[in-house]
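Presented below is the structure to which this report refers.
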Amino acid sequence: MKTIFILIAFLIESSLCIAQPVIQVEKQTFINIGKAGYFWQDTLETTSFEKVAQFKPERFLKGKSAIFNGGTSGKVWWMKLRFKNNNQTTPYLFIDYANIDSITVFYRDERGMINQISAGMFSLKQNDNILGTGYVFPLKQVKTPIGEVYVRMRAMNTLLVPVKLVTESVLNHALFKAHSVQPIYMGIALMILIFHVFMLVVTRSKLFALYIARIILLYFIVMVCYLQGYGLLLGPPIAPFILVHAHFFIAVGYIATILFNSYFLKLKRQLPQLNKFFKVLMFGWGLILICSLWDARSITNILTHVLFLLTSLLFLFSSIKVIIIRGYAKKNPLIWCYVLGWIPVALASIYLVFCLSELIPFQSYSYNLLTLAGIIEGILISLGLYGQRLRLLTRHNAHFRRQRILLQEQVEGYRKQLDAKTEKPVEHFSLKALIELAHARDPSFMNRFSEAESSFIERLLQISPQLLPAELTLCAYIRLNFDTKEIARTCKLSVRAVESRKYRIRKKLGIDGETNMHAWMLDLTKSS
């Protein structure tokens, strides 16, 4: 008896596996119907629709998830859907993923004639795209009472098929609702971009330039135009170019991000071993960049998945190691946002790689998770960068306060020396002796020069009390007719550093660019 029940159950299960479900179009909401579809891989890539339509149901594989994942190797897949609808409505097949190289829809009309509709990124037509994110196929005059539609599709990057079969009213309403959130995301990303452009103009820091490159390449080009499908709005030839060379933009974006992370955390000094590993990752991304220029998508797909996961996890690890464990953000809690910013990116990268590897089923919200993680990352990383700038400004202000105190003490010392002069003659050093002291870098040089040229020093401090001790020394060298190279050798500085100090002295003393500084210094005491 038990054996009979097991046999009956097996037969029922087998019949259910073979019997393909029939979709009632009027009852469908805007959900993916991948589980109701059946799929067959065309290994020859030349099988005709007439031959596929004659296949027995058991040759097809039943859909396992709401979104079909056809892999990243560029294989040709056929999808079969069975449906019924009343004669008063037109069913619409909507494939909500733009990055499919070619799509061809086949069905028979009431007269038994084959209808064929072609679309895909490489055969763009005006009526293919809806709100720039996918392809819509009106299935008019489908053979009744139960219609069958076959879809031949191929994508060299990643073949994902989020497909809906609905009426026109459901399609229009759902698309408007589904895409109403995207402008909000893009508006937030645009505000983040404007913030970093403003900070770049103000600070001239390459940190902001590198992060701007990440935002433009990885968010606006890769996430919005490539993954979300808005590249369709750009039309040919830009949209196909982004699809073919998507890995190029991803590689350049991640190279810029690695440089940004290394520069922000000072990995060369803080974590030299990990910094070497990041250089290896940069080499890997560079290899992807080169391969993508020749449309070697079969090679770059797997490499991109591996490096995407590794790089995202190492960003999080390096930020935790430097900022939390080594206490980089002890005095400024905002820098902790830099660590928090990489957490959603790391989690989203793990989830996406698992989805693309078919370890877990791909869902409708999978790519939206990556977009949301990118927005959260942008906000938190921006706060972390702002915290770092505050930390630097605090350190600079403390340094300037110390310099001001030292300057005031030195000015008071000079004034006391001038006030303490007696009537006895002061032993002045000759010009030659002062020059020899300067060349020898004698510590007493400035004291001797102040005694010999007290009125010169006093006059300089009257014009600009903000002159630093190093700047007063440089003025003394100029007074002694030292040229720039001679000053650089004496002070053991670069010529460029000396020029920079001269420029600051000109600004403080109000000397225009056309005036000779040596002549101005010689005439200073004469004019007083």
Side-chain angles (χ1 to χ4, degrees), residues 34 37-49 51-52 55 59-61 63-65 67-80 95-106 116-124 128-129 133-135 137 150-163 221-222 225-229 231-232 236-251 284-285 287-309 352-359 361-362 366-367:
Y38 279 74
F39 301 88
W40 176 72
Q41 181 184 338
D42 185 0
T43 54
L44 299 177
E45 302 182 4
T46 56
T47 310
S48 64
F49 162 68
K51 188 172 182 180
V52 174
F55 285 168
R59 290 198 63 176
F60 289 87
L61 299 174
K64 298 179 181 179
S65 60
I67 296 179
F68 174 70
N69 183 358
T72 60
S73 56
K75 298 175 181 177
V76 173
W77 285 88
W78 286 80
M79 176 176 64
K80 177 183 178 182
I95 297 179
D96 191 14
Y97 186 66
N99 300 322
I100 300 178
D101 295 5
S102 61
I103 310 171
T104 308
V105 177
F106 299 90
Q116 177 178 334
I117 312 173
S118 297
M121 188 62 77
F122 295 104
S123 56
L124 290 177
D128 284 342
N129 60 311
T133 61
Y135 306 96
F137 304 93
Y150 293 80
V151 184
R152 184 186 186 275
M153 50 207 170
R154 178 178 186 171
M156 291 297 295
N157 276 355
T158 303
L159 180 60
L160 298 174
V161 191
V163 61
I221 296 181
V222 176
C225 293
Y226 173 61
L227 296 180
Q228 296 293 337
L232 278 175
I238 299 176
F241 178 83
I242 293 176
L243 173 64
V244 172
H245 302 293
H247 296 101
F248 171 84
F249 298 107
I250 296 173
W285 284 114
L287 183 62
I288 290 176
L289 187 152
I290 294 171
C291 292
S292 65
L293 293 176
W294 282 273
D295 190 18
R297 286 183 278 172
S298 58
I299 299 175
T300 57
N301 278 325
I302 299 174
L303 280 176
T304 300
H305 294 166
V306 174
L307 291 182
F308 169 62
L309 180 60
L352 270 182
V353 170
F354 280 17
C355 285
L356 295 172
S357 302
E358 300 185 73
L359 297 175
F362 209 94
S366 297
Y367 275 134

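Below, all heavy atoms of this structure are taken into account, side chains as well, without hydrogens, waters or symmetry copies.
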Point to revise | Test log, rule side chain to side chain contact (heavy atoms under 4.5 Å, CB included), inputs Ile103 and Phe137 | key: CA-CA 10 Å; Ile103 310 171; Phe137 304 93; 3.9 Å; yes

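- The aromatic rings of Phe55 and Trp40 sit perpendicular, their planes meeting at an angle over 60°, well past the 30° parallel limit.
- For the atom pair CG of Leu61 and CH2 of Trp78, the computed distance is 15.5 Å after rounding to the nearest 0.5 Å.
- A donor-acceptor pair under 3.5 Å links the side-chain atoms of Asp101 to the main chain of Met156, judged by distance alone.
- Within 6.0 Å of CG on Leu293 lie more than 12 heavy atoms contributed by other residues, nucleotides or ligands.
- Annotation: the span from Met153 atom CE to Asp42 atom CG amounts to 11.5 Å, rounded to 0.5 Å.
- Side-chain N or O atoms of Tyr135 include one that pairs as donor or acceptor with a backbone N or O of Ala98 at under 3.5 Å.
- A distance of 12.0 Å separates CG of Leu307 from CD1 of Ile302, quoted to the nearest 0.5 Å.
- Minimum heavy-atom separation, Arg154 to Gly74: NE-O, 2.9 Å.
- A donor-acceptor pair is defined here as one N or O able to donate and one able to accept, closer than 3.5 Å; such a pair exists between the side chain of Asn157 and the backbone of Leu243.
- Of the listed residues (Thr304, Thr158, Thr300), just one forms a side-chain contact (heavy atoms from CB on, under 4.5 Å) with Thr72, and that residue is Thr158.
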Check your understanding: Can Ile95 and Val151 be said to form a side chain to side chain contact (heavy atoms under 4.5 Å, CB included), step by step?
Key -> CA-CA 10 Å; Ile95 297 179; Val151 184; 4.2 Å; yes

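- Listed here is the closest heavy atom pair of Pro361 and Ser65: CB-CB, 3.6 Å.
- Phe362 approaches Leu356 most closely through the heavy-atom pair CE1-CD2, 4.0 Å.
- Residues Phe248 and Ile242 have side chains not in contact (no heavy-atom distance under 4.5 Å, counting atoms from C-beta outward).
- Annotation: side chain of Val52 is in contact with side chain of Phe60 (closest heavy-atom distance under 4.5 Å).
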Point to revise | Worked check of side chain to side chain contact (heavy atoms under 4.5 Å, CB included) between Phe122 and Val244 | key: CA-CA 10 Å; Phe122 295 104; Val244 172; 3.5 Å; yes

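- The backbone N or O of Ser48 sits nowhere less than 3.5 Å from a side-chain atom of Arg152 that would complete a donor-acceptor pair.
- For Phe49 and Phe106, the gap between ring centers is short of 6.0 Å.
- Using a 4.5 Å heavy-atom threshold, the side chains of Lys75 and Leu159 count as separate.
- For the atom pair CG of Asn69 and CH2 of Trp77, the computed distance is 9.5 Å after rounding to the nearest 0.5 Å.
- Note that CD1 of Ile250 is 8.5 Å distant from CZ of Phe308, once rounded to the nearest 0.5 Å.
- A distance-only check finds no donor-acceptor pair linking the side chain of Asn99 to the backbone of Ala155 [under 3.5 Å].
- Here the side chains of His247 and Leu303 are not in contact, with every heavy-atom distance at 4.5 Å or above.
- Between Phe68 and Phe39, the angle of the ring planes stays under 30°, which puts this pair in the parallel group of the 30/60° scheme.
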